[in-house]
Amino acid sequence: MATIIKNIGLLATPTGTVAQKGEAQGQIQFIADTYIVMKDGLIEEIGKAGTAKGWTGGASDTVIDAQGLLATPGLVDAHTHLLFAGWRQRELAFKLQGLSYLDILAKGGGILHTVEQTRKASVDELIRQGINSLDIMLAHGTTTCEVKSGYGLTTEAELKSLRAIRQLGEMHAVNVVPTFMGAHAVPVEYKGRSAEYVRLLCEEMIPLVAQERLAEFCDVFCETGVFTVAESEQILECGKRCGLMPKIHAEEITTLGGAELAGKVKAISAEHLIHADDKGLAAMAAADVIAVLLPGTSFYLGEAFARAKEMIEQGIAVAVASDFNPGSCPNESLQIPMNIACLKYRLTPEQVLTAATLNGAAAVNRSGLVGSVEPGKQGDIVIWNAPDLNFLFYHWGVNQVKTVVKRGQRVVG
């Protein structure tokens, strides 16, 4: 039994199994008037219309008519915080009054409010919230997403969150990639004693996460008022010793040295990078660290935008992700950050498509499986209500998904 997508007007996809950087990031393969055959969840054949081998659209096959529209790989959202309890709509008024993220954090809002609510929530409550968000993501074309913990900040609550993330991955069509981020903030009970909290992370939390195989990555918020460069390095090196690949929230609000640290610890990715300086970018380029940029957060907070074009010119692979979270970017759709990346980073549609598919997949160590439409890869494909790639970025602010195919099965549309 096969699934066939026929009458694809234009297929647009990056190629390969590693992140694209430099000029390669804009080199999209376009195939007009094509079809795709998928079996057992994998792409088996891609070819020109009317030349398919071995299928006639028989009774045992599922045939999807793309009606001459654009098809791309399923989107890969490489940075989300979707596992939480406690939305923070009350903080909108604070933002409109001009309070900064750190100001809100100091008033007991921000991450710490969501931490309080997440600690109280049951696993079932967290899963219900997570499934709702994954449903929205899937409807908007995201077929793989990373999910960070980090709203528990105790051993018990972090393990609870990661177990819920694992269950989400088992229950939902979207591929869920788990990241441990116990170093998301210093909890209130450790205020002024961050060294003790770092010790808890390294001596208890990280070893237990690794023992249960609850996460693939270890992330840390390296920022003024949160974790210093030295503390971040200690946490990430501990994670590496326990088998967790390092990621780092770097230079979101201030220039602290997190991008340089990403290069030093050979992180798979550094994320945000709004205020990354030349030394930090050079360190990332030398170590092949992927830049995961979050333009929706810059837009929502009224912040500056990362130097995406310069990063690509310097040979850094750039991914674009949603940063979906209840405070600084409460939006599950990756389409809007993609549009913003085109308009504010001044990246081409081709560069942004790569950023939201293959490079996003590479940032979560999945580029051999998803992120492009090629034989042998997973059958994750989006058919858009668009005739070509330019239209996808020109027409913005609405959901342009017509159909989503996940592991060779139609799941939306």
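Just the heavy atoms: all of them, side chains too, but no hydrogens, waters or symmetry mates, feed the values below. Keep in mind the model is a prediction, meaning the values are calculated, not measured.
For the pair Lys402 and Asp65, the salt-bridge criterion is not met [side-chain N within less than 4.0 Å of a carboxylate O]. Asp288 and Lys21 are joined by a salt bridge, as a carboxylate oxygen and a charged side-chain nitrogen come within less than 4.0 angstrom of each other. Salt bridge absent: Arg346 and Glu313 never bring a charged side-chain N and a carboxylate O closer than 4.0 Å. We find that Lys148 and Glu271 are joined by a salt bridge, their nearest charged nitrogen and carboxylate oxygen being less than 4.0 Å apart. The pair Glu212-Arg163 meets the salt-bridge criterion, since a charged nitrogen lies less than 4.0 angstrom from a carboxylate oxygen. Comment: Lys377 does not engage Glu44 in a salt bridge, judged by the lack of any side-chain N to carboxylate O separation of less than 4.0 angstrom.
Panel note: side chain Thr255, backbone Ala276; no donor-acceptor pair is recorded below 3.5 Å. A donor-acceptor pair is defined here as one N or O able to donate and one able to accept, closer than 3.5 Å; such a pair exists between the side chain of Asn399 and the backbone of Val401. For Asp77 (side chain) and Ala321 (main-chain N/O), no donor-acceptor pair under 3.5 Å exists by modelled atom type. Between the side chain of Arg128 and the main chain of Leu126, no donor-acceptor pair closer than 3.5 Å is present. With His172 contributing its side chain and Leu168 its backbone, the two residues share no donor-acceptor pair below 3.5 Å. Judged purely by atom type and a 3.5 angstrom limit, Asp323 has no side-chain atom pairing as donor or acceptor with the backbone of Thr297. Not one N or O on the side chain of Asp33 forms a donor-acceptor pair closer than 3.5 Å with the backbone of Lys48. Using a distance-only test at 3.5 Å, with no hydrogens or angles considered, a donor-acceptor pair links the side chain of Glu125 to the main chain of Ser122. In this structure a side-chain-to-backbone donor-acceptor pair under 3.5 Å is missing from Gln400 to Ala386.
By the 4.5 Å heavy-atom criterion applied to side chains, Thr62 and Met1 are counted as neighbours. By the 4.5 Å heavy-atom criterion applied to side chains, Thr34 and Ile46 are counted as neighbours. The closest side-chain heavy-atom distance from Thr143 to Arg407 is not below 4.5 Å. Contact check for Ile274 versus Ser298: side-chain heavy atoms found under the 4.5 Å cut-off. Proximity of Lys406 to Thr144: side-chain heavy atoms (C-beta onward) are separated by under 4.5 Å at one or more points. Contact check for Leu153 versus His184: side-chain heavy atoms found under the 4.5 Å cut-off. Proximity of Val147 to Thr179: side-chain heavy atoms (C-beta onward) are nowhere separated by under 4.5 Å. At least one side-chain heavy atom of Cys222 sits less than 4.5 Å from a side-chain heavy atom of Val229.
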Does the side-chain contact (heavy atoms from CB on, under 4.5 Å) test come out yes or no for Ile131 and Met171, once each step is laid out? CA-CA 8 Å; Ile131 285 178; Met171 297 168 65; 3.4 Å; yes
One pair to check against side chain to side chain donor-acceptor pair (under 3.5 Å): His395 and Asn385. What are the steps and the verdict? CA-CA 10 Å; His395 187 201; Asn385 282 308; over 6 Å; no
Given Glu189 and Arg119, is the salt bridge (charged side-chain N to carboxylate O under 4.0 Å, His left out) satisfied, shown in steps? CA-CA 13 Å; Glu189 60 268 27; Arg119 287 178 176 179; 2.8 Å; yes
Run the numbers on Glu158 and Ser149 for side chain to side chain donor-acceptor pair (under 3.5 Å), then give the verdict. CA-CA 7 Å; Glu158 284 295 303; Ser149 70; 2.6 Å; yes
One pair to check against salt bridge (charged side-chain N to carboxylate O under 4.0 Å, His left out): Arg199 and Glu231. What are the steps and the verdict? CA-CA 10 Å; Arg199 190 158 50 248; Glu231 289 170 335; over 6 Å; no
Does the pair Ser372 and Glu374 meet the rule for a side chain to side chain donor-acceptor pair (under 3.5 Å), with working shown? CA-CA 6 Å; Ser372 62; Glu374 300 179 81; 2.5 Å; yes
Test salt bridge (charged side-chain N to carboxylate O under 4.0 Å, His left out) on Arg307 and Asp277; report intermediate values, then the result. CA-CA 9 Å; Arg307 296 187 290 160; Asp277 59 14; over 6 Å; no
What do the steps show when you test Asn359 against Gln20 for side chain to side chain donor-acceptor pair (under 3.5 Å), and what is the final call? CA-CA 6 Å; Asn359 284 9; Gln20 294 185 350; over 6 Å; no
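Phe217 carries Lys247 over the face of its six-membered ring, with the cationic atom under 6.0 Å from the centre and within 45° of the normal.
With no hydrogens or angles considered, a side-chain donor-acceptor pair links Thr224 and Thr254 at under 3.5 Å. If you check the side chains of Asn365 and Glu216, you find no donor sitting under 3.5 Å from an acceptor. Side-chain polar atoms of Glu204 and Thr155 form a donor-acceptor pair below 3.5 angstrom. A donor and an acceptor atom, one from each side chain of Thr354 and Gln25, are nowhere located under 3.5 Å apart. Between the side chains of Asn175 and Gln378, at least one donor-acceptor pair of N or O atoms lies under 3.5 Å. For the residue pair Thr114 / Arg88, a side-chain donor-acceptor distance below 3.5 Å is found, with atom types taken as modelled. Side-chain contact annotation: Ser133 with Glu332, donor-acceptor N/O pair under 3.5 Å present.
Heavy atoms only, all atoms of each residue included: Ala361 and Val76 are closest at N-CG1, 3.5 Å. Among all heavy-atom pairs drawn from Ala173 and Leu138, the shortest one is CB-CD2, 4.2 Å. Residues Met311 and Ala291 come closest through the heavy atom pair SD-CB, 3.8 Å. Taking every heavy atom of both residues into account, Leu293 and Ala308 meet most closely at CD1-CB, 3.5 Å. Closest non-hydrogen pair, Gly26 versus Glu350, comes out as O-CB, 3.4 Å. Listed here is the closest heavy atom pair of Val352 and Met338: CG1-O, 3.6 Å.
Sparse packing is recorded around NZ of Lys344, with 12 or fewer heavy atoms of other residues, nucleotides or ligands lying under 6.0 Å away. When the shell of 6.0 Å around CZ of Phe299 is examined, it contains 12 or fewer heavy atoms from other residues, nucleotides or ligands. In the displayed structure, Lys264 atom NZ is contacted under 6.0 Å by at most 12 heavy atoms of other residues, nucleotides or ligands. More than 12 heavy atoms of other residues, nucleotides or ligands lie within 6.0 Å of CH2 in Trp87, so this atom counts as buried by the packing criterion.
Not counting sequence neighbours, Phe30 has no partner by the ring-ring contact (aromatic ring centres under 6.0 Å, His included) test.
In this pair, Phe84 and Tyr151 present their aromatic rings perpendicular. The plane angle is above 60°, beyond the 30 to 60° band. Between His272 and His79, the ring planes lie perpendicular to each other; the angle is over 60°, past the 30° to 60° tilted range.
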